[in-house]
Amino acid sequence: MKKIMKVLIITMLLAILAGCSTPEKQNQAAVDTASETTETKVYKIGISQLVEHPSLDAIRSGVLDAIKDGGYIEGENIEIEYLNSQGSMENTNTIANEFSSGEYDLVVGITTPSSQALFNKVKNAPIVYTAVTDPASAGLQGENITGVSDMTPVKKQLELMMELLPETKKIGMIFNSGELNSEIQVNLARVASEELGLEIEVKGITNSNEVALALDAILDDIDVLYVQKDNTVASAFPVVVKKADAKDIPIIGAVKDYVDQGALATDGPSEYGTGYQSGEMVVQILNGTSVSEIEPQVVTKTTRDYNTETADRYGIKLPTDDTE
């Protein structure tokens, strides 16, 4: 009986002490509890980029801006890890292995090789690709992947070439034979050239060190150099311009960045816009939409861009309408 009374007394004392707690302390305890239960989730995403050059950097900027505009701010509710392969296919696999660790909520692949490596390795997170020419041919199809294709409008660009340089008879191209996206564009250029009554000479390379030699082999035999989206060639584009200028061979490029560096003209999609469109997909997924519910997209709107200094050099009068 004494033991029962002792337990009752202790229980009563604890109740009295609890009742003596101030409202301020009780309110603070409630706030602390609420803070613990409503703590902001910090998403972690990884971005794999094949190589650094202005076109791909613009795409990455578009992705990041779309994520920010979607309400995800680094240091607050998102952590972004950016890794660059420096043009090495082996490095793309190393990065993909890192991103397959299970620590990432979503991963982004910039270019076909980077996206392929991610798709082959990452099975536990959604994948969004960008700057991929032909996702189907690259095998980038599945329940955990979507993205934006920037398929180059090759024929439209060659038609622009004929509009500006109607005397053209033979065009030249160099491409990395290890880049599927570049090979696809070369094949499209072969078909378009035949339809336009043009000859085409193509030279394959395997790395950026071979760019100069490949140009030396074809520049004396062509009227215009057409440079498609090729990450290896793009990384050595100043060499391309220098070599072509020395032979007075105008360049028609696939992207605005080429024009900014000295190519005569392009009619293509915005690199930044392509990235932004892909970044919007990232936001959708972070907001709760299943990646399998987001259909792959293609950038369709193109813009004509011209280098006026290059046009003056070749005595070319440029059109005034620059948007298609």
Side-chain angles (χ1 to χ4, degrees), residues 53-59 61-62 131 133 149-175 181-182 185-186 188-189 192-193 195-201 211 215 218-219 222-277 298-324:
H53 61 68
S55 292
L56 298 187
D57 293 343
I59 288 171
S61 294
T133 300
S149 167
D150 60 347
M151 173 65 81
T152 306
V154 174
K155 186 175 181 180
K156 180 181 283 190
Q157 292 172 351
L158 294 184
E159 288 174 338
L160 173 60
M161 176 192 71
M162 295 304 295
E163 182 180 331
L164 299 176
L165 301 160
E167 301 300 318
T168 301
K169 302 296 182 184
K170 187 175 184 179
I171 66 172
M173 295 179 71
I174 60 174
F175 80 108
N181 56 300
S182 191
Q185 292 168 86
V186 168
L188 291 173
S193 295
E195 293 174 353
L196 295 171
L198 296 167
E199 293 182 62
I200 183 170
E201 183 171 349
V211 169
L215 290 169
I218 66 172
L219 285 176
I222 63 175
D223 301 310
V224 178
L225 182 66
Y226 173 59
V227 183
Q228 75 289 357
K229 290 181 182 178
D230 183 298
N231 296 296
T232 304
V233 178
S235 65
F237 200 73
V239 174
V240 175
V241 174
K242 183 177 180 179
K243 287 282 188 179
D245 283 352
K247 298 287 186 177
D248 286 328
I249 301 296
I251 302 170
I252 295 295
V255 294
K256 182 179 182 296
D257 174 55
Y258 292 166
V259 176
D260 293 340
Q261 295 186 68
L264 173 61
T266 189
D267 187 349
S270 160
E271 301 295 302
Y272 176 87
T274 300
Y276 196 95
Q277 191 171 332
V298 177
V299 177
T300 56
K301 184 177 180 180
T302 64
T303 301
R304 288 186 172 188
D305 290 287
Y306 306 100
N307 186 308
T308 54
E309 291 184 6
T310 303
D312 289 342
R313 172 179 177 172
Y314 291 104
I316 297 170
K317 184 177 180 181
L318 298 174
T320 55
D321 181 14
D322 62 356
T323 303
E324 289 287 312

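Values below: every heavy atom of this structure, side chains too, minus hydrogens, waters and symmetry copies.
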**Study point:** Stepwise side chain to side chain contact (heavy atoms under 4.5 Å, CB included) check, Asp150 with Val255
**Key:** CA-CA 10 Å; Asp150 60 347; Val255 294; over 6 Å; no
What distance separates [X] [atom1] from [Y] [atom2], expressed to the nearest 0.5 Å?
X	Y	atom1	atom2	answer
Ile171	Ile251	CD1	CD1	13.0 Å
Ile59	Tyr272	CD1	OH	12.5 Å
Ile200	Ile218	CD1	CD1	9.5 Å
Lys155	Asp267	NZ	CG	13.5 Å
Met162	Thr168	CE	OG1	5.5 Å

Considering all heavy atoms, the nearest [X]-[Y] contact:
X	Y	value
Gln157	Ala254	NE2-O, 3.1 Å
Ala131	Leu56	CB-CD2, 4.3 Å
Leu198	Met161	CD1-CE, 3.5 Å
Leu164	Ala265	CD1-CB, 3.6 Å
Ala263	Gly253	CB-N, 4.3 Å
Pro153	Gly268	CG-CA, 4.3 Å

Quick one, [X] and [Y] - any side-chain contact, counting heavy atoms below 4.5 Å?
X	Y	value
Val299	Ser270	no
Gln261	His53	no
Asn181	Thr152	no
Tyr226	Val154	yes

Exercise for review: May I have all residue pairs that pass salt bridge (Lys or Arg N to Asp or Glu O under 4.0 Å) and include part of residues 232-253, sequence neighbours excluded?
Suggested key: Asp216-Lys243, Asp220-Lys247, Asp245-Arg313, Asp248-Arg313
List in chain and number order the residues that pass side-chain contact (heavy atoms from CB on, under 4.5 Å) with [X], two or more places apart in sequence or in another chain; answer none if no residue qualifies.
X	value
Pro250	Leu165, Val224, Tyr314
Asn307	Val259, Glu309, Thr310
Lys170	Glu199, Glu201, Asp221, Ile222, Asp223
Ser149	Pro135, Met151, Val298

Exercise for review: Report the C-alpha separation of Lys229 and Glu271 in whole Å, then their side-chain angles, then the decisive distance to 0.1 Å, and conclude whether the side chain to side chain contact (heavy atoms under 4.5 Å, CB included) test is met.
Suggested key: CA-CA 11 Å; Lys229 290 181 182 178; Glu271 301 295 302; 3.6 Å; yes
Review point. Restricting to pairs with a member in residues 227-255, which pass ring pair (Phe, Tyr, Trp, His ring centres under 6.0 Å), not counting sequence neighbours?
Key: Phe237-Tyr258
Check your understanding: Hey, does the side chain of Gln228 reach the backbone of Ile174 with a donor-acceptor pair shorter than 3.5 angstrom?
Key -> yes
Exercise for review: Answer yes if the side chains of Thr302 and Lys156 hold a donor-acceptor pair under 3.5 Å, and no otherwise.
Suggested key: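 There is such a pair (donor and acceptor under 3.5 Å, judged by atom type) between the side chains of Thr302 and Lys156.
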